[in-house]
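Here's the structure we're looking at; comments come further down.
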Amino acid sequence: MRTKSKQQQRLLLLLLTARATVSATETLDTATVDEPLWPLAINTWAGPFQAATDAAYLALKDSSSALDAVEIGCSTCERNRCDGTVGFGGSPDENCETTLDAMIMDGVTMKSGAVAGLRRIKDAISVARHVLEHTSHTLLVGDHATEFAVQNGFTPQDLSTPESRAKCQEWKQAKCQPNYRLQVSPAASTSCGPYKPLQKQDQQSPVDQGQASHDTISLIAIDDDGVMAAGTSTNGASHKIPGRVGDGPITGSGTYVDGDVGACGSTGDGDIMMRFLPCYQAVESMRRGMTPQEAADDAIRRILKKYPKMSAGIVVVDKQGRHAGASAGFEGYSYAYRGGDMKKTKEVKIKPIKSLQGEPTELRLQGVL
């Protein structure tokens with residue numbers, strides 16, 4: 001087994017420190033926070049995800065870089081498994097296997113590193129950082145991503161747990177409901193397959209359905225010098241078709257950062273969201289003059305116009321550290337942040353957008369829906 005590098009040893013120390021720190025939470029019922037705070041750690045979701053907020057914040061206070069803080073925060077969520085949607089032992093696919101997606105992005109160089117469908121390696125965000133720093137590529141996938149991880153000193157492990165195997169078996173006993181198959185025979189609504197595609201004349205209009213799980217962590221960090229970085233980590237959609245990749249590791253969808261403007265992190269129905277690149281859209285909207293709140297609302301409304309039943313949540317931060325969120329479909333979406341000299345993490349609850357009314361923001365700033 002490879003001897004731990006100084007960087008890995010420091011990462012482990014910070015993770016252990018964060019795990020020993022229990023942060024109180026103050027809940028805010030506002031969708032906009034205009035207090036610029038550096039350093040800043042902010043991420044989608046609260047509750048168990050706040051361990052990631054605290055870990056990233058403590059790393060920043062310990063003079064870690066923004067990239068280090070993002071890796072440390074997401075690693076905390078991977079190790080804690082947060083609510084089961086990040087890290088090993090969650091969201092088994094049709095074959096009862098857990099695979100991982102992750103991405104990390106540097107707001108200075110605009111370079112990102114990502115892995116998707118990563119098998120048998122627990123440290124997805126750290127492997128993504130190796131892609132960022134030790135290759136000229138952006139995204140590695142599947143078994144070849146695992147091979148790359150092993151070459152870089154990561155240890156293969158079984159990502160399944162007794163709980164995830166039991167969850168998958170219960171799903172199969174329930175005739176594989178819900179699932180993501182469309183236009184197949186036997187009917188995906190009543191059978192586990194194996195499936196064959198229907199002939200064109202037998203096809204019916206597909207039903208727009210959401211994911212069985214979508215609680216990706218997307219985390220943004222700003223260090224004391226205003227340098228920004230962002231990242232995501234997830235185990236994807238429960239009961240997904242093997243090989244499926246969602247929005248988490250896609251630059252501009254799961255997260256996006258341009259240190260000259262700001263950053264965004266998202267969570268939700270990844271198969272739908274990646275068609276719109278909402279985080280790229282939000283950052284570009286801020287570049288054109290929108291506030292974080294306007295940019296967040298605009299990005300969500302663009303998706304909502306085409307997919308009114310979708311579920312999504314985003315958090316948007318400008319380069320000064322002012323932040324806001326928006327959501328649709330989720331009644332309980334919130335994000336968490338901790339910055340400056342804050343002694344505890346704050347949770348911001350977001351009321352979902354339920355209609356397309358309120359579009360003058362986009363028209364006033366010459367946006368195109």
Side-chain angles (χ1 to χ4, degrees), residues 26-38 40-46 49 53 107 216 218-222 226 228 230 252-268 273 276-308 310-340 342 345-369:
E26 179 180 340
T27 299
L28 305 178
D29 291 321
T30 177
T32 307
V33 180
D34 286 327
E35 46 185 297
L37 295 171
W38 288 358
L40 175 68
I42 185 168
N43 53 266
T44 53
W45 301 109
F49 292 81
T53 322
T216 302
S218 293
L219 190 148
I220 300 159
I222 309 178
M228 303 183 77
S253 191
T255 193
Y256 190 74
V257 55
D258 181 340
D260 293 334
V261 182
C264 166
S266 73
T267 181
M273 295 177 72
F276 295 83
L277 298 180
C279 278
Y280 173 80
Q281 179 65 54
V283 172
E284 288 306 299
S285 292
M286 287 194 292
R287 191 192 306 276
R288 289 168 36 243
M290 287 190 187
T291 66
Q293 187 63 70
E294 290 168 340
D297 290 346
D298 173 72
I300 292 296
R301 285 198 173 101
R302 288 170 183 268
I303 309 173
L304 198 60
K305 182 177 180 181
K306 299 291 186 179
Y307 294 93
M310 70 92 186
S311 295
I314 65 173
V315 57
V316 179
V317 189
D318 68 15
K319 65 181 182 180
Q320 283 80 30
R322 294 171 297 208
H323 47 91
S327 72
F330 291 128
E331 291 297 333
Y333 173 65
S334 63
Y335 67 85
Y337 77 98
R338 188 174 175 187
M342 290 170 59
T345 295
K346 291 185 179 180
E347 175 186 4
V348 181
K349 294 184 178 180
I350 304 299
K351 294 180 180 179
I353 296 172
K354 296 186 177 180
S355 75
L356 293 175
Q357 294 180 354
E359 294 177 356
T361 294
E362 296 88 344
L363 298 176
R364 184 171 62 250
L365 295 170
Q366 298 182 339
V368 179
L369 282 176

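What you see is a predicted model, and the numbers here were worked out from it, not measured in a lab.
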What's the separation between atom [atom1] in [X] and atom [atom2] in [Y], rounded to the nearest 0.5 Å?
| X | Y | atom1 | atom2 | result |
| --- | --- | --- | --- | --- |
| Cys264 | Ile42 | SG | CD1 | 10.5 Å |
| Met290 | Asp318 | CE | CG | 14.0 Å |
| His323 | Leu40 | NE2 | CG | 5.5 Å |
| Phe49 | Leu219 | CZ | CG | 11.0 Å |

Taking every non-hydrogen atom, the tightest pair across [X] and [Y]:
| X | Y | answer |
| --- | --- | --- |
| Asp298 | Ser285 | OD2-OG, 3.5 Å |
| Lys319 | Met228 | CA-SD, 4.0 Å |
| Arg338 | Met342 | NE-O, 3.3 Å |
| Trp38 | Ile222 | NE1-CG2, 3.6 Å |
| Gly325 | Ala296 | C-CB, 4.0 Å |
| Tyr333 | Ser327 | CD2-CB, 3.6 Å |

*Would a 4.5 Å heavy-atom cut-off, applied to side chains only, mark Phe330 and Pro352 as touching?*
no
Please answer whether the main-chain N or O of [Y] pairs with a side-chain N or O of [X] as donor and acceptor at a distance below 3.5 Å.
| X | Y | result |
| --- | --- | --- |
| Ser266 | Ser253 | yes |
| Thr44 | Gly265 | no |
| Glu347 | Tyr335 | no |
| Thr267 | Thr216 | yes |

*asked:* Salt bridge check, Arg301 against Glu294: does any charged N sit closer than 4.0 Å to a carboxylate O?
replied: no
*asked:* List the residues meeting side chain to side chain contact (heavy atoms under 4.5 Å, CB included) with Ala328, not counting sequence neighbours, and say none if there are none.
replied: Ile300, Leu304, Met310
*Could you note down all residue pairs passing ring-ring contact (aromatic ring centres under 6.0 Å, His included) where residues 285-304 supplies at least one of them, sequence neighbours left out?*
none
*Excluding sequence neighbours, so at least two apart, what forms side chain to side chain donor-acceptor pair (under 3.5 Å) with Thr53?*
Asn43
